[in-house]
Amino acid sequence: MNILRFLDELNDKQREAVLTTEGPVLVLAGAGSGKTKVLTYRVAYILAKKLADSENIIALTFTNKAAGEMKERIRKILGSLSKDIWIHTFHAMCLRILKQHAEKVGYPKNFVVYDRDDQFRIVRSIIKDKDLKAGEVLDILMEYKSKRIDNLSSEYMEIYNAYQERLKKYRAMDFEDLMLNTLELFSKYPEIRDYYAKKFLYIHVDEYQDTNHIQYQLLKNLLIYHNNIFAVGDEDQSIYSFRGADFRIILNFEKDFPNAKIIFLEQNYRSTKKILKLANRVIKFNYERRDKVLWTNNPDGKDPEVLENHDEIEEAEKIAKIIVSSKRPYSDFAVLFRINALSKSIEEVFNKYKIPYNVIGGKKFYERREIKDLIAYLRLIYNPKDNISLERAINTPPRGIGETTFEIIKKIAEENNVSYYEALRPALKFINRKKAVEGIIDFLNLFEKLLNYSKTLSVKELAKKIILETNYIEYIQKNESTQLARERRENIEEFVNSLDIYNNLEEFVEDISVKTENEIDLKNNCVSVMTIHSAKGLEFPVVFLIGLEDDILPHHLSIEEGNLEEERRLFYVAITRAKEELYLSYCKTRFLRGRKELQISRFLEEIGYKDGKIIWDNISDLSLTYKKGDLIRHHKFGIGRVLEIKRNLITVQFNEHGVKTLSLEFVKLERIVK
DNA sequence: AGACTGAACGTTTTT
DNA sequence: CGTTCAGTCT
Ligand SMILES: Nc1ncnc2c1ncn2[C@@H]1O[C@H](COP(=O)(O)OP(=O)(O)OP(=O)(O)O)[C@@H](O)[C@H]1O
């Protein structure tokens, strides 16, 4: 069979993974070993061999970008044969299921999904009289909701109940609801669960280490008939614990799925030997992991380089100069960082040097004020009970409906148990200010007009009508400086143009509710600028990793939380994105809410950076990471202080176990920084 | 109601 | 530093 020729590209282990189609399989392997490639080839193999039809296959990912990339990869191999495969994030899968069955869990079909900003608004309005911070409260609420904590204080419980009630009333779900309601649907209606469990003959999960417990439950539900799960992952790349991911789930795979087959891949195809060496060095400092071998046949390559800078401008300029003087296309380069705030200086300097770039993620397109305004109108047309959207739309542009007026509307709505929109007309007779009454009438007329348009017009035409009928452009120009107004106008134009792809309003609202970034506005042949989180799963010939300072990477909040190992995994993920060249950059000072003096990241020391250069020699590799007097932790002997290091032998005075001499080649120690 | 002011404040990652 | 908030004025 000719179509199976693609299997020749794989090594023996990889092929074994592809060919093991029945039963639970886990591929546990380090970065760049071809896990995602194996997963996509396995999907292709199943279809080519006609083991199942495309609608019987599902592939789950954790980010939209990963889902998009996988769709693209599979389409390349299979063309239209792949069209009915479900390739989604967990959230998008749940949304797709719930759209079919919303009424069964107590929602109308046109429910909307609230993002963090919308959640904020609800929380803020609940606690507005209390002396609490909305961000902290929301975090705690969500931890409770996703069952990471078991109980709440009575005060928080009250807030939580109010929050849930509002969501329900507004016909809205948050991200967690998507998954919880799907679980509820499955348990209330076993026949629906059975339908999907039977439908999905083969279930694939990429980046399995990012699974949280609720997602794990969902998987279990979908596996009751066929039990064909194919999961790939790497606990060293687990970087989403803040949203509940627990890499113990991947480490427990064998226990969870009896007679599971575990396949280890050891050859890295992505990076040069030198890059891989640094990655292997640093990850060994983590204690909570399964030790893995990772080697490569790729050439030694260019030595990774550390860039030392006085400040972030020098950092950005150095990078710009390297890019400009290179013969490579712009798209070969990526600039990665721990926190979004670091992109600013890069952007400024790239603009100055006329280097084209895409900022991926970051201050998201959909989060800009003008875009959110328009989306509020569109969402409200789709679901007039969406009170959060109404609250935004009703007074943008200003119609004289301020806080006092809106409080009346809210009160009427609550008393009659109707939505804010339905309360507008009845509220009129309680409002005395002429201007406010006129404003509401204006809004009602406008909105009815828009509702009518929505019956016949495309999403794009509808958006144009909204802009026209609300005089939105004039509103911007009146209120903002010309510079900002132009920017906003351009954004609106871009947004409107991006609406071409939607056939109807439902498609649009559904799509933006789980999609956070606008892939449409990505330009070709550009340097990619993004956080390490966004870069996971991607690869670039040349990677610049910036902001390698203590308190940035590792981030100070993680250090406080005792989450150093996760920060180290982030560093590992970042390094392993590089195929050929790697630049590691830090600054002595940085502008971050005022100029700050910073210390070089401890991770640079861990990769063997000492006295201004990276040490490549093998034996001292191991010893240079500790020095006399360091505090270290041993998994058996506990905490101790280093007395002496000779070649690869380390002598430690342990607090509870006396003096020991250990071989650095075999022992795993964690350094504790004072 | 809304524009304007100065003070306070916050600082991680994403579906 | 830039954003947001509370308070004041029109
Ligand atoms: N057998 C192979 N022969 C040649 N190239 C391969 C082989 N397997 C994988 N590759 C290449 O190695 C690179 C990394 O593959 P892939 O992205 O699938 O790795 P991964 O294990 O998913 O990495 P990560 O864990 O970082 O996401 C890709 O460019 C892929 O094409």
Side-chain angles (χ1 to χ4, degrees), chain A residues 60-67 88-95 113-120 124 128 133-136 139 142 146 173-180 207 210-212 214-215 238-245 312 336-345 360-364 366-367 369 394-407 431-439 475 478-479 512-517 530-536 547 551-561 563 566-567 569-571 573-574 590-596:
Chain A
L60 293 164
T61 63
F62 289 86
T63 63
N64 294 307
K65 195 168 324 102
H88 292 307
T89 61
F90 270 91
H91 300 269
M93 171 189 77
C94 291
L95 180 64
V113 178
Y114 277 2
D115 65 13
R116 201 174 158 82
D117 193 59
D118 302 319
Q119 291 178 300
F120 251 115
R124 231 175 301 169
K128 64 172 181 293
K133 280 192 233 140
E136 272 171 31
D139 282 345
M142 294 315 285
S146 64
M173 296 193 198
D174 61 23
F175 285 117
E176 216 52 50
D177 280 322
L178 289 172
M179 299 198 291
L180 291 170
E207 311 278 13
D210 293 331
T211 317
N212 67 31
I214 293 169
Q215 291 159 340
S238 167
I239 55 175
Y240 280 107
S241 70
F242 68 89
R243 65 176 205 211
E312 71 282 359
L336 308 183
F337 37 76
R338 172 68 231 261
I339 51 175
N340 280 311
L342 299 197
S343 78
K344 207 179 154 233
S345 51
I360 296 162
K363 39 161 180 8
K364 276 154 221 138
Y366 288 137
E367 281 167 17
R369 178 139 56 92
I394 194 156
N395 211 26
T396 32
R399 294 188 181 86
I401 302 161
E403 211 180 323
T404 9
T405 311
F406 201 71
E407 283 304 319
I431 297 165
N432 299 321
R433 280 187 71 253
K434 192 156 156 268
K435 197 138 178 290
V437 172
E438 279 169 10
Y475 157 63
K478 205 169 71 207
N479 282 281
I512 56 151
S513 46
V514 287
K515 214 178 223 132
T516 38
E517 69 197 50
M530 68 186 112
T531 63
I532 302 170
H533 283 89
S534 307
K536 188 152 66 125
D551 289 352
I552 306 284
L553 180 65
H555 195 273
H556 79 276
L557 291 176
S558 293
I559 299 173
E560 276 166 32
E561 289 164 19
N563 230 345
E566 178 142 322
E567 297 292 304
R569 290 194 288 270
L570 268 166
F571 186 59
V573 168
R590 190 178 282 287
F591 222 109
L592 219 68
R593 66 175 185 279
R595 189 150 290 284
K596 282 270 154 65

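A, B, ... follow the sequence lines: proteins, then strands. Residue 1 opens every chain.
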message: Which nucleotide wins on minimum distance to the side chain of A:F175, given the candidates B:dT12, B:dT13, B:dT15?
response: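 Nearest to the side chain of A:F175 among the choices is B:dT15.
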- prompt: Out of B:dG2, B:dT14, B:dT15, which nucleotide sits closest to the side chain of A:H91?
  reply: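 The answer is B:dT15.
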How many Å lie between [atom1] on [X] and [atom2] on [N], as a whole number?
X: A:D174; N: B:dT15; atom1: CG; atom2: P; answer: 15 Å
X: A:I552; N: B:dT13; atom1: CD1; atom2: C1'; answer: 13 Å
X: A:Q119; N: B:dT14; atom1: CD; atom2: P; answer: 15 Å
X: A:L178; N: B:dT14; atom1: CG; atom2: P; answer: 19 Å
X: A:D139; N: B:dT14; atom1: CG; atom2: C1'; answer: 12 Å
X: A:E567; N: B:dT12; atom1: CD; atom2: P; answer: 12 Å
X: A:H556; N: B:dT13; atom1: NE2; atom2: C1'; answer: 14 Å
X: A:I532; N: B:dT12; atom1: CD1; atom2: P; answer: 15 Å

query: Sequence neighbours excluded, which residues qualify as side-chain hydrogen bond (donor to acceptor under 3.5 Å, both in side chains) partners of A:E567?
result: A:R338, A:S558
Test of understanding: with side chain to side chain contact (heavy atoms under 4.5 Å, CB included), list the residues that count as partners of [X], not counting sequence neighbours.
X: A:V437; answer: A:L428, A:I431, A:I441
X: A:D174; answer: A:Q119, A:M142, A:K145, A:Y163, A:L167, A:E176, A:D177
X: A:F120; answer: A:R116, A:R124, A:A134, A:L138

Would you say [N] has OP1 or OP2 under 4.0 Å from some side-chain N or O of [X]?
X: A:N64; N: B:dT14; answer: no
X: A:T405; N: B:dA1; answer: yes
X: A:T531; N: B:dT14; answer: yes
X: A:S534; N: B:dT14; answer: yes
X: A:N395; N: B:dG2; answer: yes

- prompt: What interatomic distance, in whole Å, is found between C1' of B:dT13 and the corresponding atom of C:dT4?
  reply: 23 Å
Near-parallel close stack of A:H555 and B:dT12 base (under 5.5 Å, under 30°): yes
query: Looking at residues at least two apart in the chain, or sitting in another chain, which of them share a salt bridge (Lys or Arg N to Asp or Glu O under 4.0 Å) with A:E561?
result: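 Counting only residues at least two positions away or on another chain, A:E561 forms no salt bridge (Lys or Arg N to Asp or Glu O under 4.0 Å).
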message: Tell me the closest heavy-atom pair linking A:S343 and A:F337, and the distance in Å.
response: CB-CZ, 3.6 Å
task: Indicate, yes or no, whether a donor-acceptor pair under 3.5 Å links the base of B:dT15 to the side chain of A:R243.
output: no
task: Give me the first and last nucleotide of DNA chain C, going 5' to 3', that has any atom under 4.0 Å from a heavy atom of chain A.
output: C:dC1 to C:dC5
task: Mark yes or no for whether A:H533, through its side chain, and A:I239, through its backbone, hold a donor-acceptor pair below 3.5 Å.
output: yes
Which is true for [X] with a 4.0 Å heavy-atom rule: it touches a base, it touches only sugar-phosphate, or it touches nothing?
X: A:L557; answer: base
X: A:F90; answer: nothing
X: A:F591; answer: sugar-phosphate

message: Taking the nucleotide of DNA chain B with the nearest heavy atom to each, does A:E561 or A:R399 sit closer to the 5' end?
response: A:R399
- request: Select from A:H533 and A:G400 the residue whose nearest nucleotide in DNA chain B is closer to the 5' end of that strand.
  value: A:G400
- prompt: Given side chains that start at C-beta, do those of A:L570 and A:H555 come closer than 4.5 Å, heavy atoms only?
  reply: no
